[in-house]
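Owing to the predicted nature of the structure, the values given are computational and were not obtained by experimental measurement.
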Amino acid sequence: MGAAIPILFVFIGCCTNVVFLELLVKEQPGSGNIITFAQFIFIALEGFLFTAEFGKKKNVVPVRDYLVLVVMFFIVNVSNNLAFGFKISMPLHMIFRSGGLIANMIMAIVVLGRRYTLTKYVSVAMITVGTSICTFASAETVEKHDDNEATAEFSHFVTWLMGIGLLTFALFMSARMGIFQECLYSRHGKHSREALFYIHALSLPGFLLTWRSIVDHAIKFSSSPSLPVLGSLPVLAHLPRLWVYLLGNMLTQYVCISSVFTLTSECTSLTVTLILTLRKFLSLTFSIIYFQNPFTISHWIGTVLVFGGTLLFSDIKGKVQEAMSSTREKVE
């Protein structure tokens with residue numbers, strides 16, 4: 001039962017978070033900064049109260065090392081959320097970020113000098129092809145739904161291309177951050193809750209660079225209409241719906257990320273990878289069906305390649321054989 005509860009909350013928190021995120025970006029595509037800021041300040045406050053114990057508990061990992069992670073983590077999150085303002089759909093956003101194995105492998109080869117088996121390279125090739133198919137399919141969708149004028153089409157395509165550039169940059173920056181974090185944990189031990197708090201808390205001053213966007217969208221959020229479902233509750237009847245969505249996004253993001261951190265201490269990396277892959281696939285499917293996002297046969301082919309490649313990278317067959325062999329040895 002140790003892993004059952006965090007697994008349950010990974011699905012509940014992460015899948016629900018995608019719903020609130022899509023509700024926000026559908027109405028305000030450029031609201032990435034205020035969404036990220038809200039998530040960071042909520043997790044930082046929670047960590048200050050319960051992890052740092054109001055600043056009384058001393059950190060194990062030096063703050064200077066956390067600052068390096070902070071810069072990387074902040075840039076990755078802001079870049080991913082800003083991409084929504086460049087005509088990047090939620091399905092493409094989720095699929096593109098699922099290609100993180102490619103970036104991680106490349107960075108590990110370049111930075112750490114690692115080498116991998118043929119199966120690993122094949123799986124990465126599948127993910128690369130799948131991501132490319134989805135990317136080009138989405139490019140065609142953008143062109144078909146835009147104005148017929150050549151100038152307008154080119155302008156929209158360039159905007160979309162900038163969004164792809166942001167996602168690509170965030171993908172490789174995230175991979176580099178993972179390698180740095182891996183080296184950090186090997187020196188100081190794993191302190192996931194501490195890292196969660198310091199990374200989010202030390203990132204907060206960075207939002208001063210985007211304060212205008214945060215204020216502008218706070219005004220827009222405040223002017224949004226209320227949710228009809230809240231009409232029967234006098235206290236919440238006049239609460240703008242975008243603030244309600246943002247509150248839901250903050251709470252579910254905390255449930256999601258804290259559950260993932262807990263899961264890494266309860267399960268093997270294979271189990272965590274499989275759970276997160278399945279969670280992404282369920283979120284993607286729900287996004288397509290409920291929000292009626294455009295999704296062609298090319299998108300489906302790309303999706304199968306991406307998720308199939310991810311599972312192949314995890315070496316399910318080898319892990320299952322290893323587990324069965326271990327079980328037989330215990331029985332004997």
Side-chain angles (χ1 to χ4, degrees), residues 13 16-49 52 55 66-67 69-90 93 97 155-156 158-160 162-167 169-170 173-174 177 196-230 233 235-258 291:
T16 310
N17 180 258
V18 171
V19 175
F20 284 111
L21 181 60
E22 179 126 13
L23 288 169
L24 286 164
V25 298
K26 280 279 188 181
E27 194 161 338
Q28 289 293 332
S31 59
N33 287 324
I34 192 172
I35 294 171
T36 310
F37 175 69
Q39 293 173 351
F40 273 52
I41 199 167
F42 181 84
I43 294 173
L45 285 173
E46 188 277 339
F48 180 73
L49 294 175
Y66 279 132
L67 285 173
L69 280 175
V70 162
V71 173
M72 294 181 180
F73 190 67
F74 180 80
I75 292 174
V76 167
N77 278 272
V78 171
S79 297
N80 277 323
N81 284 330
L82 280 178
F84 289 117
F86 292 86
K87 292 189 175 295
I88 299 296
S89 67
M90 181 64 74
H93 193 277
R97 292 181 68 180
S155 175
H156 285 298
V158 170
T159 300
W160 173 85
M162 290 172 66
I164 292 297
L166 276 171
L167 288 178
F169 171 75
M173 178 64 75
S174 178
M177 184 182 73
L196 184 66
F197 163 63
Y198 277 99
I199 288 173
H200 285 81
L202 294 174
S203 296
L204 292 178
F207 287 98
L208 291 173
L209 299 173
T210 60
W211 71 271
R212 288 185 182 277
S213 172
I214 293 173
V215 172
D216 288 344
H217 282 90
I219 295 172
K220 291 177 181 178
F221 278 28
S222 298
S223 61
S224 64
S226 60
L227 284 171
V229 71
L230 299 178
L233 303 173
V235 179
L236 303 176
H238 302 291
L239 193 64
R241 68 185 179 200
L242 288 181
W243 284 116
V244 176
Y245 296 157
L246 185 61
L247 178 62
N249 181 268
M250 284 192 309
L251 295 174
T252 53
Q253 173 67 9
Y254 171 74
V255 172
C256 174
I257 194 168
S258 60
F291 292 101

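Shortest non-hydrogen contact noted between Gly55 and Phe48 is N-CE1, 3.6 Å. Summarising the geometry of Gly163 relative to Ala83, their closest heavy-atom pair is O-CB, 4.1 Å, with the distance given to 0.1 Å. Pro205 approaches Ala201 most closely through the heavy-atom pair CD-O, 4.0 Å.
Note: Leu204 CG to Ile43 CD1 = 10.5 Å, rounded to the nearest 0.5 Å. If you take CG on Leu202 and CD1 on Ile199, they are separated by 9.0 Å, rounding to the nearest 0.5 Å. To the nearest 0.5 Å, atom CG of residue Leu82 and atom CE of residue Met162 are 10.5 Å apart. One finds the CG atom of Leu67 at 9.0 Å from the OG atom of Ser203 (value rounded to the nearest 0.5 Å). One finds the OG1 atom of Thr159 at 12.0 Å from the CD1 atom of Ile164 (value rounded to the nearest 0.5 Å). Gln39 CD to Thr36 OG1: the interatomic distance, rounded to the nearest 0.5 Å, is 6.0 Å.
In this view, Leu49 and Phe54 satisfy the side-chain contact (heavy atoms from CB on, under 4.5 Å) rule, not counting sequence neighbours. In this structure, the side-chain contact (heavy atoms from CB on, under 4.5 Å) partners of Ser79, at least two apart in sequence or on a different chain, are Ile75, Leu166, Phe169, Ala170. With sequence neighbours excluded, the residues forming a ring pair (Phe, Tyr, Trp, His ring centres under 6.0 Å) with Phe73 are Phe40, His200, listed by chain and number. Evaluation of the side-chain contact (heavy atoms from CB on, under 4.5 Å) rule for Phe221 yields Leu24, Gln28, Ser31, Ile34, His217, Leu242, Trp243, Leu246 as partners, not counting sequence neighbours. Under the side-chain contact (heavy atoms from CB on, under 4.5 Å) criterion, Met72 pairs with Val68, Met173, Arg176, Met177, sequence neighbours left out.
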Just distance, no hydrogens or angles: give the donor-acceptor pairs under 3.5 Å from side chains in residues 208-215, sequence neighbours left out.
from   : atom 1 : to     : atom 2 : distance (Å)
Thr210 : OG1    : Phe207 : O      : 3.2
Ser213 : OG     : Asn33  : ND2    : 3.2

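Using a 4.5 Å heavy-atom threshold, the side chains of Ser226 and Leu239 count as separate. Looking at Leu247 and Leu251, their side chains come closer than 4.5 Å, going by heavy atoms from C-beta outward.
Using modelled atom types, no side-chain atom of Asn249 and backbone atom of Tyr245 make a donor-acceptor pair closer than 3.5 Å.
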Worked check of side chain to side chain contact (heavy atoms under 4.5 Å, CB included) between Phe42 and Tyr254: CA-CA 8 Å; Phe42 181 84; Tyr254 171 74; 3.6 Å; yes

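One finds no salt bridge joining Lys220 and Glu27 here, because no Lys/Arg side-chain nitrogen approaches an Asp/Glu carboxylate oxygen to under 4.0 Å.
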